[in-house]
Visitor: 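Before I ask anything, let me first share the structure, which is written out below as structure tokens.
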Amino acid sequence: MKTYLNTIDGRLVGSEQTFESINPATGEALGRVPISSKRQVAEAIAAARAAQPAWAARPEAERKALMMQVAEVIKGNANYLAEWVTREQGKPLGGIGPDQVPGSRFELWGCEVWTRVPAGLDLPVEVAFEDDTRRDEVHRKPYGVIGAIAPWNWPLLIAVWQIIPSIRAGNTVVIKPSEYTSIGTLELVRLISEVLPKGVVNTISGPGEVGSWLVSDPGIDKIMFTGSGPTGRKIAEAAAKNLVPATLELGGNDAAIVLPDADPKAMAMGLFWGAFLNMGQTCACAKRLYVHESIFEPTVQALQELAQTMPMGNGLDEGTVMGPIQNKMQYDKVVALVESARQAGATIVCGGEPQGGPGYFYPLTLVTGLKDGDRLVDEEQFGPVLPIIKYRDVEEAIASANRLDAGLGASVWSTDVEQAKRVASRIQAGTVWINQHGMIHPMVPFGGIKGSGYGVEFGIEGLKSVTRPQVISIKK
Ligand code: NAD
């Protein structure tokens with residue numbers, strides 16, 4: 001079986017110890033992944049540090065042009081990399097058009113777009129103050145070396161979100177992919193490194209412990225982390241120890257509120273994908289649906305009709321719409337949460353029965369009859385299960401949306417946008433979508449509040465977040 005390699009200082013590097021990457025649709029081993037040693041983590045950081053001054057000193061236009069070359073590499077290898085995403089992560093290959101299933105090809109298209117857009121952005125010098133006596137300019141400087149840690153749900157897209165703005169701004173990067181989805185990222189970085197100077201992007205791989213060596217190293221100037229809340233807290237501690245900043249994109253438990261005037265049939269498809277994109281394994285999926293009692297039944301029915309028609313299977317087979325859950329831990333969590341709902345007296349509208357192996361397949365599941373405080377409502381299920389909760393008064397629904405220690409996204413569904421906006425402004429979340437959910441965009445800042453973390457990615461704000469301000473103050 002092939003062993004895939006890390007990229008450190010432009011060289012392909014293996015390790016003494018390796019582990020197998022597993023296909024969640026079949027249980028088959030796909031390849032071997034190095035477990036980076038502590039020494040290799042230090043080497044990767046040293047390589048990034050050595051490469052950084054020259055990288056930052058390059059003229060902006062040159063760095064931008066190289067980033068466009070990176071985008072071309074991603075485009076040229078999109079099929080190869082999409083297949084790795086499907087094999088390792090499970091999502092179907094799908095397509096990239098608005099009417100096509102958003103899967104791995106969509107993820108790779110996103111990687112290209114989220115490379116081209118930051119490549120074209122500028123952070124011009126801002127004049128903070130000027131009068132007859134002085135002029136104060138704010139310049140943006142790269143931090144230096146960014147330590148990035150990624151999760152398994154959108155492995156390449158999230159890696160790109162961490163790598164690309166960082167290098168665009170003149171930083172260099174050491175990234176550790178999730179141990180569940182390493183090969184795609186190692187291959188992505190191997191390929192883009194062919195057009196980048198050595199040491200600009202480096203990878204290390206292995207379990208969480210390898211990530212902990214990265215984030216606790218004093219050679220890291222800023223940490224970018226996307227993953228779970230408990231790990232995020234450990235990362236924040238490591239960042240505090242070295243007094244370095246961190247962007248933490250953590251879990252969510254997004255509420256979607258359907259107002260009484262919404263049209264169940266018209267919104268069903270948007271709600272469906274808002275909840276079940278990537279089998280619900282998306283940080284900003286709708287994970288609790290609050291529906292007004294006047295349209296509760298038709299809304300549940302419209303979602304049920306969609307849920308029961310989506311073909312599930314191996315994502316490499318064209319025509320598959322839903323793949324497996326990515327790993328056993330997540331699968332067991334989904335099974336346990338649905339079981340807890342059943343025991344709480346909930347109605348399983350559809351799904352709810354594990355399908356048996358091989359692969360971690362679990363049917364799309366809609367659950368009614370639950371209330372706030374029940375586990376499936378209060379805990380992030382991160383899987384293909386949606387609790388649908390009936391409410392009477394919109395004040396109740398807003399209170400429900402705000403009661404948890406999570407604040408990544410939320411959505412409000414209504415035919416009256418002004419009314420929806422009034423509700424949206426009262427919801428505690430980094431983004432509140434109206435009549436859509438999870439619709440991120442490379443120019444629009446994205447990030448969570450409360451237990452969902454801090455800092456934003458994307459657009460100008462995201463680019464600023466991988467730079468520090470430096471004031472040049474001139475006496476006149
Ligand atoms: P996780 O926290 O288990 O793992 C994420 C990464 O952290 C992995 O690479 C892992 O190896 C590493 N890690 C684990 N322990 C570490 C430590 N002590 N020090 C450093 N690194 C360590 O998360 P996951 O299960 O891979 O991802 C799922 C979670 O991520 C969900 O909660 C989801 O909502 C969240 N998520 C958030 C966003 C967002 O943008 N807010 C996006 C995607 C996923």
Visitor: So, the side chain of Ser15 versus the backbone of Gln17: is there a donor-acceptor pair under 3.5 Å, distance only?
Guide: no

Visitor: Would you check if Ser205 and Ile35 make a side-chain contact, meaning some heavy-atom pair closer than 4.5 Å?
Guide: no

Visitor: Run the numbers on Ser193 and Thr7 for side-chain hydrogen bond (donor to acceptor under 3.5 Å, both in side chains), then give the verdict.
Guide: CA-CA 8 Å; Ser193 293; Thr7 300; 4.6 Å; no

Visitor: Any side-chain to backbone donor/acceptor pair from Ser166 onto Gln162? Under 3.5 Å, distance only.
Guide: yes

Visitor: Could you check whether any side-chain N or O of Lys333 sits under 3.5 Å from a backbone N or O of Glu380, counting only pairs where one atom can act as donor and the other as acceptor?
Guide: yes

Visitor: Check whether any side-chain N or O of Arg288 sits under 3.5 Å from a backbone N or O of Asn253 as a donor-acceptor pair, and report yes or no.
Guide: yes

Visitor: May I ask you to decide if the ring planes of Trp84 and Tyr80 are parallel, tilted or perpendicular, using 30° and 60° as cut-offs?
Guide: perpendicular

Visitor: Is it the case that over 12 heavy atoms from other parts of the model lie below 6.0 angstrom from the CZ atom of Arg403?
Guide: yes

Visitor: Only pairs under 3.5 Å count here: list side-chain donor-acceptor contacts from residues 173-183, not counting sequence neighbours, and write none if there are none.
Guide:
unit_1: Lys176; atom_1: NZ; unit_2: Gly206; atom_2: O; d: 2.8
unit_1: Ser178; atom_1: OG; unit_2: Tyr180; atom_2: N; d: 3.1
unit_1: Ser182; atom_1: OG; unit_2: Ser178; atom_2: O; d: 2.8

Visitor: For Ser212, give me all partners under side chain to side chain donor-acceptor pair (under 3.5 Å), at least two apart in sequence or on another chain.
Guide: none

Visitor: Closer than 3.5 angstrom, by distance alone: can the side chain of Asp374 be matched with the main-chain N or O of Leu370 as a donor-acceptor pair?
Guide: no

Visitor: Please tell me if the side chains of Asp261 and Gln419 come closer than 4.5 Å, counting only heavy atoms from C-beta onward.
Guide: yes

Visitor: Identify every side-chain donor-acceptor pair in residues 447-455 under 3.5 Å, counting partners at least two apart or on other chains, and give the distances.
Guide:
unit_1: Lys450; atom_1: NZ; unit_2: Asn402; atom_2: O; d: 3.0
unit_1: Lys450; atom_1: NZ; unit_2: Leu404; atom_2: O; d: 2.9
unit_1: Lys450; atom_1: NZ; unit_2: Gln428; atom_2: OE1; d: 2.6
unit_1: Ser452; atom_1: OG; unit_2: Gly251; atom_2: O; d: 2.8
unit_1: Ser452; atom_1: OG; unit_2: Gly407; atom_2: N; d: 2.8
unit_1: Ser452; atom_1: OG; unit_2: Leu408; atom_2: N; d: 3.2

Visitor: If only atom types and distance count, is the side chain of Asp9 paired as donor or acceptor with the main-chain N or O of Arg11 below 3.5 Å?
Guide: no

Visitor: State, to 0.1 Å, how close Leu271 and Leu303 come at their nearest heavy-atom pair, and which atoms those are.
Guide: CB-CD2, 4.0 Å

Visitor: Hey, which of Glu187, Arg190, Arg32 is the one that makes side-chain contact (heavy atoms from CB on, under 4.5 Å) with Tyr4?
Guide: Glu187

Visitor: I'd like to know if the side chain of Gln281 reaches the main chain of Asn278, judged simply by a donor and an acceptor atom lying under 3.5 Å from each other, with no hydrogens or angles considered.
Guide: yes

Visitor: Does Asp254 reach the main-chain N or O of Gly409 with its side chain, forming a donor-acceptor pair under 3.5 Å?
Guide: yes

Visitor: Begin from the C-alpha positions of Gln301 and Glu305 and carry the test side-chain hydrogen bond (donor to acceptor under 3.5 Å, both in side chains) through to its verdict.
Guide: CA-CA 6 Å; Gln301 201 188 332; Glu305 279 164 18; 3.3 Å; yes

Visitor: Could you pull out all donor-acceptor pairs under 3.5 Å where a side-chain atom in residues 349-364 meets a protein atom, sequence neighbours excluded?
Guide:
unit_1: Glu353; atom_1: OE2; unit_2: Arg342; atom_2: NH2; d: 3.3
unit_1: Tyr362; atom_1: OH; unit_2: Gly352; atom_2: O; d: 3.3

Visitor: Check for a donor-acceptor pair, side chain of Gln89 on one end and backbone N or O of Asn153 on the other, with a separation under 3.5 Å.
Guide: yes

Visitor: Set out, in order, the CA-CA distance, both residues' side-chain angles and the distance that settles side chain to side chain contact (heavy atoms under 4.5 Å, CB included) for Val456 and Phe446, then state yes or no.
Guide: CA-CA 5 Å; Val456 293; Phe446 174 69; 5.9 Å; no

Visitor: When you look at CE of Met439, are more than 12 heavy atoms from neighbouring residues, nucleotides or ligands closer to it than 6.0 Å?
Guide: no

Visitor: In Å, rounded to the nearest 0.5 Å, how long is the span from CD1 of Ile295 to NZ of Lys390?
Guide: 12.0 Å

Visitor: Rounded to the nearest 0.5 Å, how far apart are CZ of Phe225 and CG of Leu248?
Guide: 7.5 Å

Visitor: Between Glu112 and Arg116, is the closest basic N to carboxylate O distance under 4.0 Å?
Guide: yes

Visitor: Hey, could you give me each pair passing salt bridge (Lys or Arg N to Asp or Glu O under 4.0 Å) that has a residue in residues 87-103? Not counting sequence neighbours.
Guide: Glu83-Arg87, Lys91-Glu107

Visitor: Between Gln40 and Gly14, is there a donor-acceptor pair closer than 3.5 Å when you use the side chain of the first and the backbone of the second?
Guide: yes

Visitor: Under the ring pair (Phe, Tyr, Trp, His ring centres under 6.0 Å) definition, can you give me all pairs with a residue in residues 93-114, not counting sequence neighbours?
Guide: Phe106-Trp109, Trp114-Trp161, Trp114-Phe458

